[in-house]
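Throughout, numbering of the chain's residues begins at 1 and tracks the sequence.
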Amino acid sequence: MVKNVVLVYDQAYISGGAAKIAVGEALGLKEQGLNVYYFSAIAPICDELKKSDIQVICLNEKHIGLSKDPSALLKALWNRTAYKQLLELLKELNPEETVVHIHGWTKALSSSVFYAAKRASIRTFVTLHEYFTICPNGGLYNYKKKEICALKPCSFKCYICNCDKRNYINKLYRVVRQLIQNMAFKDTKPEIIYITEFSKNIIKKSINPSLKEHFLTNHVEVGFHDRVKVENNKAFLYIGRLTDEKGIDIYCEAIDKTGVQGIVIGDGPLLNDFKSRYKNISFVGWKSTEEMRDYLSMARTLIVSSKWYETMGLTVIEMQQYGIPCIVPDNCACSEYVKDKYSGLIYSIGNVDSLCSCINYAADDLNLERLSKNFLAEFNPENYCLDTHINRLVEIYSMDK
């Protein structure tokens, strides 16, 4: 019987989806009465963990992308400190009553955490929030060509392809890290947890088929709400980071071509560039949960303009609780949650004209009202609530090896 859970993630604070899931699981498992340990490398420790009775171990190291110390690059390949301290923690726990659950390791902890768990003879799970298990840059995306990569992951052609966001030297570094990681998965055989059927179908083509697999969708903070009367609204929203792979250019060009009202909620390296180029679009920056409600109340639809696969469409699920239809690309994980012209709209990924056609369809009030009502009617918060997630997670931990 599992009594101890050691959750492992690069950082101890919430700044994105994977971190939110890891911290949420820690809190939820603690509520279930389990002994929970949160092992990380990058500070600060978030208030949610500080206020809990969870034992947090943080190495106080830097994100590989933010450190100017060359040794950080070597640590991200093999973090000896992480290995030793995690092993020290695990040796204090009964292997028959303990599991290690890894959510992320590429930013600081390194693949050494898998070996620490193996040496302590403790069963290990890993949730695949990204595509780092099969792709050196983690996105199956060619940043130079600005499109989904068609090469076989970890093939010779993959390794020699200059697809990295920075330069080929950085790609070579990622290849070395990938080779070490591939060896770690081969040697330690962690159990895989997929979060969507979409990402599962992509990853299974390239991952070790002998690894035991499970399925568990991410938990999302959602509930029942009154439907937003989207048919009375004007704003086509974009919510997310302003980066190339998120398709901010696709969104802006489509909004400009169709002449509808566009509001961008988010920040990122492309903010100033696109803010100066598209004066007709409102760029309002990041908003708190409370502030976000004001924008949702004026939303007509949400547009997802990602050019890459993604692994799960958290924002789409958050929109569903308000009946806000979403326009999403095909060949992207969020398309799992939308039925074209029934509960939302699906366009060809990366295709501005296809997106414009969807925007024009959503400009019809009757069309939009029908999509909104259907989308909300299909919503079931029980599928995504933390309690459901934790109950299923404990079942997974309790399964036979």
*Could you go through the side-chain hydrogen bond (donor to acceptor under 3.5 Å, both in side chains) check for Tyr83 and Arg119 one step at a time?*
CA-CA 10 Å; Tyr83 173 81; Arg119 184 169 177 184; 3.2 Å; yes
Reported [atom1]-to-[atom2] distance for the pair [X] and [Y], which is rounded to 0.5 angstrom:
X      : Y      : atom1 : atom2 : value
Ile248 : Leu271 : CD1   : CG    : 9.0 Å
Ile192 : Leu128 : CD1   : CG    : 4.5 Å
Gln321 : Met319 : CD    : CE    : 7.5 Å
Lys146 : Asp244 : NZ    : CG    : 4.5 Å
Leu34  : Glu25  : CG    : CD    : 12.0 Å
Leu216 : His214 : CG    : NE2   : 10.0 Å

Closer than 4.0 angstrom, basic N to acidic O: yes or no for [X] and [Y]?
X      : Y      : result
Asp249 : Lys307 : yes
Asp365 : Arg300 : yes
Lys51  : Glu48  : no
Asp353 : Lys257 : yes
Glu213 : Lys204 : yes
Lys373 : Glu369 : yes
Arg174 : Asp164 : yes

Check [X] against [Y] and note the closest heavy-atom contact, atom names and distance.
X      : Y      : result
Ile346 : Pro329 : CG2-C, 4.1 Å
Ser40  : Ala12  : OG-CB, 3.3 Å
Leu109 : Ala41  : CD2-CB, 3.6 Å

Under a 3.5 Å cutoff, is there a donor and acceptor pairing between the side chains of [X] and [Y]?
X      : Y      : answer
Gln85  : Thr81  : no
Trp105 : Gln181 : yes
Glu231 : Asn367 : no

Once the angle between the rings of Tyr115 and Trp78 is folded into 0 to 90°, is it parallel (under 30°), tilted (30 to 60°) or perpendicular (over 60°)?
->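 Tilted.
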(request) Assign the ring pair Tyr143 / Trp308 to parallel, tilted or perpendicular, where the plane angle (0 to 90°) is split at 30° and 60°. (result)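 The rings of Tyr143 and Trp308 stand perpendicular, inter-plane angle above 60°.
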Run the side chain to side chain contact (heavy atoms under 4.5 Å, CB included) check on Tyr173 and Leu77 step by step: do they pass?
CA-CA 9 Å; Tyr173 171 80; Leu77 296 178; 3.8 Å; yes
Side-chain contact, heavy-atom cut-off 4.5 Å: [X] with [Y]?
X      : Y      : result
Ser343 : Leu371 : no
Val264 : Val284 : no
Lys171 : Cys163 : yes
Glu221 : Lys20  : yes
Tyr361 : Cys356 : no
Tyr38  : Cys46  : no
Ile265 : Met292 : yes

State yes or no: are the ring centers of [X] and [Y] separated by less than 6.0 Å?
X      : Y      : result
Tyr322 : His225 : yes
Tyr309 : Phe198 : yes
Phe114 : Phe185 : yes
Phe215 : Tyr194 : no
Tyr37  : Phe39  : no

Quick one: does any side-chain atom of [X] pair with a main-chain N or O of [Y] as donor and acceptor, under 3.5 Å?
X      : Y      : answer
Thr388 : Tyr384 : no
Glu130 : Phe132 : no
Asn137 : Tyr141 : yes
Asp267 : Gly285 : no
Ser112 : Asn79  : yes
Arg177 : Thr106 : yes
Asn167 : Ile169 : yes
Thr243 : Gly268 : no
Asn142 : Ile148 : no
Glu378 : Phe375 : no

Stepwise, does the side-chain hydrogen bond (donor to acceptor under 3.5 Å, both in side chains) test hold for Glu395 with Ser398? CA-CA 5 Å; Glu395 287 179 7; Ser398 302; over 6 Å; no
Margin query: What verdict does the side chain to side chain contact (heavy atoms under 4.5 Å, CB included) test give for Ile396 and Phe125, after you've listed the backbone C-alpha separation in whole Å, the side-chain angles of each residue and the deciding distance to 0.1 Å?
Written below: CA-CA 9 Å; Ile396 291 173; Phe125 300 83; 3.7 Å; yes
>> For a side-chain hydrogen bond (donor to acceptor under 3.5 Å, both in side chains) check, start with the C-alpha distance between Gln261 and Asn233, then their side-chain angles and the critical distance, and finish with the verdict.
In response: CA-CA 10 Å; Gln261 180 184 348; Asn233 295 336; over 6 Å; no
Original post:
Between Val316, Thr315, Leu355, which is the residue that forms a side-chain contact (heavy atoms from CB on, under 4.5 Å) with Val304?
Top reply: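 Going through the options one by one, the only one that passes is Val316.
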task: Identify which one of Lys30, Glu31, His101 satisfies the side-chain contact (heavy atoms from CB on, under 4.5 Å) criterion when paired with Val36.
output: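 With Val36 as partner, side-chain contact (heavy atoms from CB on, under 4.5 Å) holds for just one option, Lys30.
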Does the side chain to side chain contact (heavy atoms under 4.5 Å, CB included) test come out yes or no for Ile281 and Cys252, once each step is laid out? CA-CA 8 Å; Ile281 298 175; Cys252 289; 3.8 Å; yes
*asked:* Working note: Thr196 + Tyr337, criterion side chain to side chain contact (heavy atoms under 4.5 Å, CB included); need CA distance, chi angles, decisive distance, verdict.
replied: CA-CA 10 Å; Thr196 59; Tyr337 309 103; 3.4 Å; yes
ask   = Is the NZ or CZ atom of Arg277 both under 6.0 Å from the centre of the six-membered ring of Phe274 and within 45° of that ring's axis?
value =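 Positive - Arg277 is close enough to the ring of Phe274 and near enough to its axis.
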